[in-house]
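Report on one structure; see the data block that follows.
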There are 2 protein chains.
Amino acid sequence: MKKITIGEAARQSGVKVPTIRYYEGIGLLRVPSRSEGNQRSYEPSDLKRLVFIRHARELGFEVEAIRTLLSLQDNPLQPCASADAIAKARLVEVEQRIRSLTALKAELEMMVEGCGHGRVDQCRVIEVLADHGQCAHHGH
Amino acid sequence: MKKITIGEAARQSGVKVPTIRYYEGIGLLRVPSRSEGNQRSYEPSDLKRLVFIRHARELGFEVEAIRTLLSLQDNPLQPCASADAIAKARLVEVEQRIRSLTALKAELEMMVEGCGHGRVDQCRVIEVLADHGQCAHHGH
DNA sequence: TCTTGCACCTCTAGTCGCTAGAGGATGTAG
DNA sequence: CTACATCCTCTAGCGACTAGAGGTGCAAGA
């Protein structure tokens, strides 16, 4: 039962102090007990939860998805179909995002390579932006 | 000089009506003339500008970058080094983003594949989120 | 002419996930 | 005792829109 301050929790979890308070506000984190001087006082389990949240955020899960994942974690005997579905949906999103960014990269490369570093009226960057018809990929 | 309404401009440019008004508000688009009934009235040049903006947004350029690109387009005799620099910076961002998303994809795939579709307490998705040490990539 | 109904107008507030700052209380080291 | 860091609450801001309220304009059919 070694209780720690919010600052220490921030240091150990990698989540910033105002963000911890924000997570409490939106109900991702339980309301912690307070010290005599009204300061938040966290337990190891809170720390674990913070690391879980941080990690999920780094993987790009939205707060609502994390809310669901946390409630699943809190009820470990339930079937994990939901967790699986959330992760799969995220995977599909990420794959889609990679595809569109790759197309985008090709287009930017064309723009940059085509730029003769002369005047704007000969600049391929501006030209391509002005005329969509010159795009390599018309999907967007 | 065929003037069009904001709705028609939206249809032809692919930029939504409230977004056109928003662009006017932040100064990306000139303040258009008005009809007798106080309705915005756009010219072909506005339409071109809207398409330019839409295209740049689709390529992920921020509004401030677009502001610069537009001012370059308005002064075609200047050297295009700025446009080139903006596009290059965006390219670097995109490449970085693709790299991190690819790492993320690998991690999500591991999570999804490892999930035995049983109960939460055996679920790899939850497990990996809870314990950062199990990640394939520790960079994040 | 009337009326229906869509498109337009302005303005404010909400979205997401924080982040920054004001203004004050508490805790700790020298 | 005095700094100074850290904590507290509260409000407002970020980017790039989006949604909605409450009202006006306009074109076409009955």
Side-chain angles (χ1 to χ4, degrees), chain A residues 2-29 31-43 46 49-70 86 89-90 93 97 140, chain B residues 3-29 31-42 46 49-70 86 89-90 93 97 100 104 140:
Chain A
K2 345 124 215 200
K3 300 225 174 188
I4 56 175
T5 65
I6 195 170
E8 195 52 39
R11 239 159 281 132
Q12 290 186 32
S13 68
V15 180
K16 290 183 195 157
V17 168
T19 307
I20 295 177
R21 287 196 279 249
Y22 169 73
Y23 287 159
E24 180 188 328
I26 62 170
L28 272 199
L29 220 56
V31 176
S33 57
R34 299 281 182 134
S35 74
E36 285 187 26
N38 196 35
Q39 302 198 191
R40 286 171 181 81
S41 161
Y42 292 98
E43 298 174 21
D46 298 313
R49 208 171 169 91
L50 272 174
V51 170
F52 185 105
I53 296 169
R54 199 206 55 183
H55 196 185
R57 286 293 300 137
E58 281 169 355
L59 290 172
F61 289 97
E62 293 176 5
V63 163
E64 282 317 300
I66 295 174
R67 207 185 289 280
T68 306
L69 290 169
L70 281 168
I86 290 171
R90 178 74 192 129
E93 275 171 37
R97 194 91 188 99
H140 61 256
Chain B
K3 300 227 175 186
I4 55 174
T5 65
I6 196 170
E8 195 51 40
R11 236 159 283 131
Q12 290 185 33
S13 68
V15 180
K16 289 180 195 160
V17 169
T19 307
I20 295 178
R21 287 196 278 249
Y22 169 74
Y23 287 159
E24 181 187 328
I26 61 170
L28 272 199
L29 220 57
V31 175
S33 57
R34 298 283 183 134
S35 74
E36 285 186 26
N38 196 34
Q39 302 198 193
R40 286 170 181 81
S41 163
Y42 291 98
D46 298 312
R49 207 169 170 91
L50 273 174
V51 169
F52 185 105
I53 295 170
R54 198 206 56 183
H55 196 184
R57 287 293 300 135
E58 280 169 355
L59 290 172
F61 289 97
E62 293 175 4
V63 163
E64 282 317 299
I66 296 175
R67 207 185 288 279
T68 306
L69 290 169
L70 281 167
I86 290 171
R90 178 75 192 128
E93 275 170 37
R97 194 93 188 97
S100 78
L104 217 148
H140 59 258

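Proteins come first, then strands; the chains are lettered A, B, ... in the order of their sequence lines, and each starts at number 1.
Take Glu64(A) and apply the side-chain hydrogen bond (donor to acceptor under 3.5 Å, both in side chains) test, not counting sequence neighbours, and it matches Arg67(A). For Arg97(B), there are no side-chain hydrogen bond (donor to acceptor under 3.5 Å, both in side chains) partners two or more places apart in sequence or in a different chain. Here Glu62(A) pairs with nothing under the side-chain hydrogen bond (donor to acceptor under 3.5 Å, both in side chains) rule; sequence neighbours left out. Residues meeting the side-chain hydrogen bond (donor to acceptor under 3.5 Å, both in side chains) test with Arg57(A), sequence neighbours left out: none.
The nearest whole Å value for the distance from the OH atom in Tyr42(A) to the P atom in dT6(D) is 16 Å. Glu24(A) places its CD atom 16 Å from the C1' atom of dC18(C), with the value rounded to the nearest Å. Atom P of nucleotide dT10(C) and atom CD1 of Ile6(B) are separated by 9 Å, given to the nearest angstrom. Note: CD1 (Ile66(A)) to P (dC16(C)) measures 13 Å, nearest angstrom. Atom CD1 of Ile20(B) and atom C1' of dA7(C) are 13 Å apart (whole Å). Ile4(A) has its CD1 atom 14 Å from the C1' atom of dT6(D), to the nearest Å. Nucleotide dG15(D) holds its C1' atom 13 Å from the CG atom of Leu28(B), rounded to whole Å. The interatomic distance linking Lys3(B) (NZ) with dC8(C) (C1') rounds to 17 Å, in whole Å.
If you check every strand for non-hydrogen atoms under 4.0 Å, Ile26(B) touches nothing. Among the heavy atoms of the strands lying under 4.0 Å from Arg34(B) are primed sugar atoms or P, OP1, OP2 only; no base atom is included.
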- Task: Could you encode protein contacts along nucleotides 16-26 of chain D as a string, one character per nucleotide from 5' to 3', using B for base contact, S for sugar-phosphate-only contact and - for no contact, with a heavy-atom cut-off of under 4.0 Å?
- Result: BBS------SS

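OP1 or OP2 of dC9(C) lies within a sub-4.0 Å distance of a side-chain N or O belonging to Arg40(B).
Sorted by first then second residue, the salt bridge (charged side-chain N to carboxylate O under 4.0 Å, His left out) pairs that include residues 7-16 of chain A, not counting sequence neighbours, are Glu8(A)-Arg11(A).
Judged by distance alone, the side chain of Thr19(B) and the main-chain N or O of Val15(B) form no donor-acceptor pair under 3.5 Å. Of the possible donor and acceptor atoms, none in the side chain of Arg40(B) sits under 3.5 Å from a partner among the backbone N and O of Thr5(B).
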